[in-house]
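Inspection log for the structure reproduced underneath, given as structure tokens.
Every value quoted in this text rests on a predicted model; they were computed, and no experiment measured them.
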Amino acid sequence: MCIRDRPERARAPLCAGGSLGGAMGTWLAHAPQRVVCANERDVADALAQIERAGARCVVVGACHSWAPPHAGARCAWLHVHGLRWAHVLPFSPSSPSSHGALVRAGAGMRLSELGAVLRAHGLCLPSVPMHLDATLGGALCCGSHGSSLVHGSLADLVTDVRIVTADGRAAWLHDGGAACAHGEVLAAARVSCGVLGVLVAAELSVCPIYAVRRGAQRVPLRTAQDVAALLALAASHEHAWVHWRLGEDDAILSTLSRQPEQQASSVADPTAADERGVKPYDGLNWFGHGTADAQLPPDGTGADEAADDKDEEACTRAHGPPARSTAAARTAWVSSEYALPLARAPDGVAALRAALGESHRGRLVELKFVGPPQRDTLLACNSGAPQGACCFNVWWRTRAEHAADVVRPFEVAMQRLCATPHWGKARALPPGYVGRVFGARAERFCKVSRALDPGGVFAQPWLTDAQAEASVANVAGIVRTEC
């Protein structure tokens, strides 16, 4: 397939500083220009003006993507974090949820806010992504996930989505099975990479809240047999998360084990563990509740960091680095993630040990897990992985001047294995890479993308400026070659 043609768009002037009306907010005079949308009408109005201006659009939620955004002078950032609402739908035995429970929420809802709404109804997401300050729309567009071989990614919970396409039309896409007219579009929209339209709402399958007990143990990670044993151990728990320090032969396996159902309601304070270390699952269970095994190893900072730097203590995986840092001028946090089918996890460990074991000694690599796909999703990390996926994630702090380079060797090592990227953390994808690793699923995604956005309004926010014009197809999967 060839790269999608992008017709030369009319160059009408953007409205610098002028109000777009209603609750829209204003265009800013500098690039990239920003529009804050409070409702669906705002989204349609903004897209109409972007179209008239001949600009392109990047849709953003809470701006927690780690990958560098495409922010050209004629690129508008359309913020949807104003779309913050949620309600639990009435129970229905015919619901596409295996538990009969569904929640419908605006794309601007933060995952932490959505969790609070669900808890009030005795419900929860079966597996929650690590970063709770992300919006629902952003988490879905990026393919975010928790760490569990029992559950799939967040996209696997999506039954319906509502999108506004480039021409301003809004529609619900319903999960009606393979025979449904919306099926192919919904398969693409569950992880849309921000190029199909503006995701304004989604309907997700949820489950009764359950209790988990935290655990941790050191496991060997020397051989392929060790990795296979680790995977079997991870699969025996509801959730599992591995921290492996490069250069070492062992790793720490942290687990959340499901407890009897009656214990979920026996914990008086849902934000704290009881005396047995049991706590309702809410996505914060990884981050310590006073039990002896609750402390994860500190994130690797590299030998060049000052020992008294307190930034790391203020930084959490649930809510990200502090907004303002005393050392912001000197240090930066960077993250990248790639996934392999579960059976190839030993290859990933071996490749990272060979490529980074010495040069990045002491840095942490996280192994996270995503269960088998539960719904047709084209560009999820577990797409085409019937046993599930092993995700290799790095979340490192480095000196600001090294931020662009510190994760590059990691990306190269994973790309040599044709690993699938996390769309919120893909910093540098070679031309045609997505077509190679996703194959026919990338081609299917490309057809949906061309149908919904024939004029190329939606810019790809995870490509560098150098790639954006020459190879917009990298993430949308337009270029298809054999791996």
Side-chain angles (χ1 to χ4, degrees), residues 6 9-65 67-85 105-110 133-142 144 161-171 173 188-189 191-202 423-424 449 452-463 465 468 472 475-476:
R6 284 185 175 267
R9 302 172 62 78
R11 297 305 185 191
L14 290 172
C15 180
S19 174
L20 288 174
M24 177 66 68
T26 59
W27 289 87
L28 301 184
H30 58 81
Q33 302 189 58
R34 292 170 168 83
V35 182
V36 177
C37 298
N39 52 54
E40 192 174 294
R41 178 61 183 270
D42 287 349
V43 174
D45 289 347
L47 288 175
Q49 181 157 336
I50 290 168
E51 174 69 21
R52 290 195 299 271
R56 290 185 171 89
C57 176
V58 172
V59 185
V60 295
C63 295
H64 285 300
S65 173
H70 172 60
R74 303 198 61 78
C75 185
W77 284 20
L78 197 156
H79 292 257
V80 297
H81 59 255
L83 301 168
R84 300 167 81 168
W85 55 268
M109 280 289 279
R110 296 179 187 266
D133 272 358
T135 62
L136 175 61
L140 287 173
C141 287
C142 293
S144 296
V161 299
R162 185 168 178 82
I163 64 171
V164 180
T165 52
D167 58 6
R169 291 183 295 176
L173 305 175
V191 179
S192 70
C193 300
V195 299
L196 302 183
V198 182
L199 176 67
V200 293
W423 302 116
S449 176
L452 296 185
D453 184 23
V457 170
F458 293 100
Q460 178 44 249
W462 295 286
L463 300 179
D465 288 339
V472 173
V475 174

Measure the [atom1]-[atom2] distance between [X] and [Y] for me, rounded to the nearest 0.5 Å.
{"X": "Trp423", "Y": "Cys142", "atom1": "CH2", "atom2": "SG", "answer": "10.5 Å"}
{"X": "Ile163", "Y": "Glu40", "atom1": "CD1", "atom2": "CD", "answer": "11.0 Å"}
{"X": "Leu140", "Y": "Cys193", "atom1": "CG", "atom2": "SG", "answer": "11.5 Å"}
{"X": "Asn39", "Y": "Arg84", "atom1": "CG", "atom2": "CZ", "answer": "14.5 Å"}

| request: For the residue pair Leu199 and Val161, establish whether any side-chain heavy-atom pair is separated by less than 4.5 Å. | output: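 Yes - at least one pair of side-chain heavy atoms lies under 4.5 Å apart.
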| field | Side chain to side chain, Val195 and Asp453, heavy atoms closer than 4.5 Å | value |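 A side-chain contact under 4.5 Å is absent here.
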| side-chain contact (heavy atoms from CB on, under 4.5 Å) partner of Leu78, chosen from Val164, Ile50, Val58 |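 Of all the options given, the one that passes is Ile50.
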Which atom pair, heavy atoms only, marks the closest approach of [X] to [Y]?
{"X": "Cys37", "Y": "Ala46", "answer": "SG-CB, 4.5 Å"}
{"X": "Val191", "Y": "Cys141", "answer": "CG1-O, 3.7 Å"}
{"X": "Ala189", "Y": "Leu173", "answer": "CB-CD1, 4.1 Å"}
{"X": "Ala105", "Y": "Leu136", "answer": "CB-CD2, 3.8 Å"}
{"X": "Arg162", "Y": "Ala170", "answer": "NH2-CB, 3.5 Å"}
{"X": "Gly194", "Y": "Phe458", "answer": "O-CB, 3.6 Å"}

